Asks: 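Before I ask anything, here is the structure I am working with.
In each ligand, atom 1 is the first atom listed, and ligand 1 is the first ligand listed. What you see is a predicted model, and the numbers here were worked out from it, not measured in a lab.
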Amino acid sequence: MPAYLQCIEEVCGERQEPGKDSHLCLRCGGLLEVKYDFSPMDPDELRHTWHQRRLSGEPVDRSGVWRFRELIPFVSPGDRIISLSEGSTPLIGTRRAGWWAGPVHLTVKHQGVSPTGSFKDLGMTACITRAESRDVRTVACASTGNTSSSMAAYAARAGMKALLFVPYRQISAAKLAQALDFGALVVEVGDTFDEAFRLLRELAGELDLYLVNSINPFRIEGQKTIVAELMEQRGWRPPDYIVVPGGNLGNASAIGKGLRELKELGFIEKVPRLVVVQAEGANPFYRLTKEDATELVPVDTPQTEATAIRIGRPANWKKAKRALEWTQGLVESVSDEEIAQAKAVLASDGVGCEPASAATVAGVRKLCQAGKIERHADIVCVLTGNQLKDTEYIMRHHADEKSSRLLRAEPTLEAVRRVLEAPLAARAW
Ligand code: F0G
């Protein structure tokens with residue numbers, strides 16, 4: 001087996017034997033990553049194989065993660081792959097949003113079009129497959145809602161029990177409903193994700209829980225395959241920038257690792273710059289990079305309407321920092337108002353997403369205005385979650401009497417004509 005776990009701390013670098021996975025270095029407590037002794041690959045041949053697999057009817061070939069399995073060779077022959085045909089998400093040109101944000105050449109990689117509606121499915125298929133190979137009975141996570149829906153679905157499929165900690169009344173109803181629908185046991189605890197996560201981590205050993213949060217390095221492996229799919233969709237021409245929202249910073253870490261490996265293995269020449277965008281009220285990583293600090297200062301009470309990224313103590317910040325160094329990346333911070341504007345502009349392109357996802361486009365606009373991203377740059381924003389993940393947000397933003405496009409009329413022709421008269425005359429909506 002060419003895979004092993006290694007501590008990312010330079011002063012440590014301890015290699016861990018693949019036993020029952022512990023997600024942190026047993027020597028220094030640092031984050032672990034999956035490393036491979038990749039045998040030499042022929043990029044052209046593999047590109048061809050990956051392409052051919054799209055025509056196959058085999059479930060592992062239909063998955064946009066396992067189709068690229070040569071990049072994640074941690075599975076042993078005979079291991080059961082737990083998949084829901086994740087990946088294969090569309091790349092969509094967004095002309096209006098590109099004009100608004102730059103002008104830049106903007107496309108979105110829509111991860112909201114995934115089995116459970118978010119990008120988490122890519123990492124979850126890898127992580128639950130790993131758990132299955134370890135005979136895990138109960139998986140657990142703390143979540144702002146998407147990791148948990150994904151965990152619950154994949155655990156159900158694998159026949160495992162799923163236990164979930166969420167901050168009380170801080171995640172969208174749709175996400176909570178998904179987890180319940182897939183059979184997870186849910187504990188509402190604490191006011192923030194960080195609090196729920198801390199409690200879960202403390203209890204995990206005692207309760208024999210297998211954690212599937214993004215500190216689990218196998219999550220990162222599944223998630224990193226997005227870059228291979230993205231490059232393939234673009235004929236292996238890398239964009240100038242790839243933009244993601246930043247919460248617990250697993251996605252930024254995964255994309256950084258994916259890009260680095262694709263470069264090292266000879267699949268791409270140029271490495272796109274990674275851009276991480278955080279919400280202003282939950283932006284510890286932005287502050288860290290702005291101040292060029294060496295240690296992250298957590299935000300104790302993170303605030304943002306984009307609840308998916310309301311996180312003050314991102315567990316993967318060290319991996320994400322490395323990803324920025326590898327890709328000469330950038331970090332931006334945007335207000336909730338800017339997120340709402342970006343979401344509306346994407347909607348005008350017919351593209352719906354959840355608020356956290358729209359932060360990417362808001363971030364591009366801000367970086368363009370500051371001259372840090374050049375006009376007409378070729379940019380891919382990763383839309384991480386589906387529009388229907390947070391309908392409360394949408395309804396809240398359309399409840400305003402003045403701007404409302406939600407009209408109400410008595411059920412008579414006259415009354416209906418009356419409410420439509422002004423908007424139709426002005427074509428003003
Ligand atoms: N966008 C969405 C829709 C998310 O759900 C998340 C994270 C992120 C962006 C940020 O990604 O954590 O890798 O930096 N959601 C996690 C969850 C924390 O529990 O669902 P990240």
Side-chain angles (χ1 to χ4, degrees), residues 89 108-114 116-124 127 140-153 162 164-167 170-172 174-176 178-179 184 186 192-194 196-197 200 211-216 219-220 222-224 226 243-258 274-279 282-286 302 304-321 323-324 331 334 339 343 352-363 381-390 393:
T89 56
V108 295
K109 175 78 173 145
H110 207 326
Q111 299 290 87
V113 188
S114 294
T116 74
S118 84
F119 74 106
K120 306 287 183 183
D121 293 341
L122 298 190
M124 205 53 75
C127 175
C141 73
S143 183
T144 56
N146 280 326
T147 302
S148 46
S149 351
S150 185
M151 170 185 77
L164 155 63
F165 281 26
V166 290
Q170 301 292 325
I171 79 167
S172 87
K175 295 175 186 175
L176 187 56
Q178 281 184 288
V186 181
T192 61
F193 164 85
D194 306 290
F197 191 30
L200 178 65
L211 288 194
V212 304
N213 278 101
S214 52
I215 53 162
N216 183 321
R219 280 274 307 283
I220 305 294
Q223 254 167 249
K224 82 179 183 195
I226 185 182
V243 191
V244 291
N248 217 12
L249 299 173
N251 205 21
S253 306
I255 289 177
K257 187 171 193 277
L274 177 64
V275 181
V276 180
V277 184
Q278 294 207 293
N283 65 358
F285 190 61
Y286 168 75
T304 168
E305 259 198 295
T307 53
I309 51 173
R310 190 189 284 164
I311 293 178
R313 193 181 283 271
N316 294 297
W317 69 268
K318 285 190 179 170
K319 282 188 179 175
K321 190 158 180 279
L324 289 183
V331 187
V334 293
I339 291 175
K343 187 164 149 52
C353 63
E354 64 171 288
S357 312
T360 53
V361 176
C381 283
V382 179
L383 299 187
T384 44
N386 191 287
Q387 178 185 38
L388 298 177
K389 284 281 194 172
D390 194 349
Y393 176 96

Asks: Ser149 vs Lys389, test: side chain to side chain contact (heavy atoms under 4.5 Å, CB included). Steps then yes/no.
Replies: CA-CA 10 Å; Ser149 351; Lys389 284 281 194 172; 3.4 Å; yes

Asks: Run the side chain to side chain contact (heavy atoms under 4.5 Å, CB included) check on Thr384 and Ser118 step by step: do they pass?
Replies: CA-CA 6 Å; Thr384 44; Ser118 84; 6.0 Å; no

Asks: Show me, by chain and number, every protein residue that has a heavy-atom distance under 4.0 Å to ligand 1.
Replies: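 Lining ligand 1 at under 4.0 Å, by heavy atoms, one finds Phe119, Lys120, Ser143, Thr144, Gly145, Asn146, Thr147, Pro245, Gly246, Gly247, Asn248, Leu249, Gly250, Asn251, Ala308, Ile309, Ile311, Glu354, Ala356, Thr384.
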
Asks: Under the salt bridge (charged side-chain N to carboxylate O under 4.0 Å, His left out) test, which residues partner Lys319, sequence neighbours left out?
Replies: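 By the salt bridge (charged side-chain N to carboxylate O under 4.0 Å, His left out) rule, Lys319 matches no residue at all.
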
Asks: Can you check side chain to side chain contact (heavy atoms under 4.5 Å, CB included) on Gln111 and Leu122, steps first, answer last?
Replies: CA-CA 9 Å; Gln111 299 290 87; Leu122 298 190; 3.2 Å; yes

Asks: For the pair Thr116 and Met124, evaluate side chain to side chain contact (heavy atoms under 4.5 Å, CB included) and give the outcome as yes or no after the intermediate values.
Replies: CA-CA 11 Å; Thr116 74; Met124 205 53 75; over 6 Å; no

Asks: With side chains defined as the heavy atoms from C-beta onward, is the minimum distance between Asn248 and Pro314 less than 4.5 Å?
Replies: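 Asn248 vs Pro314: side chains touch.
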
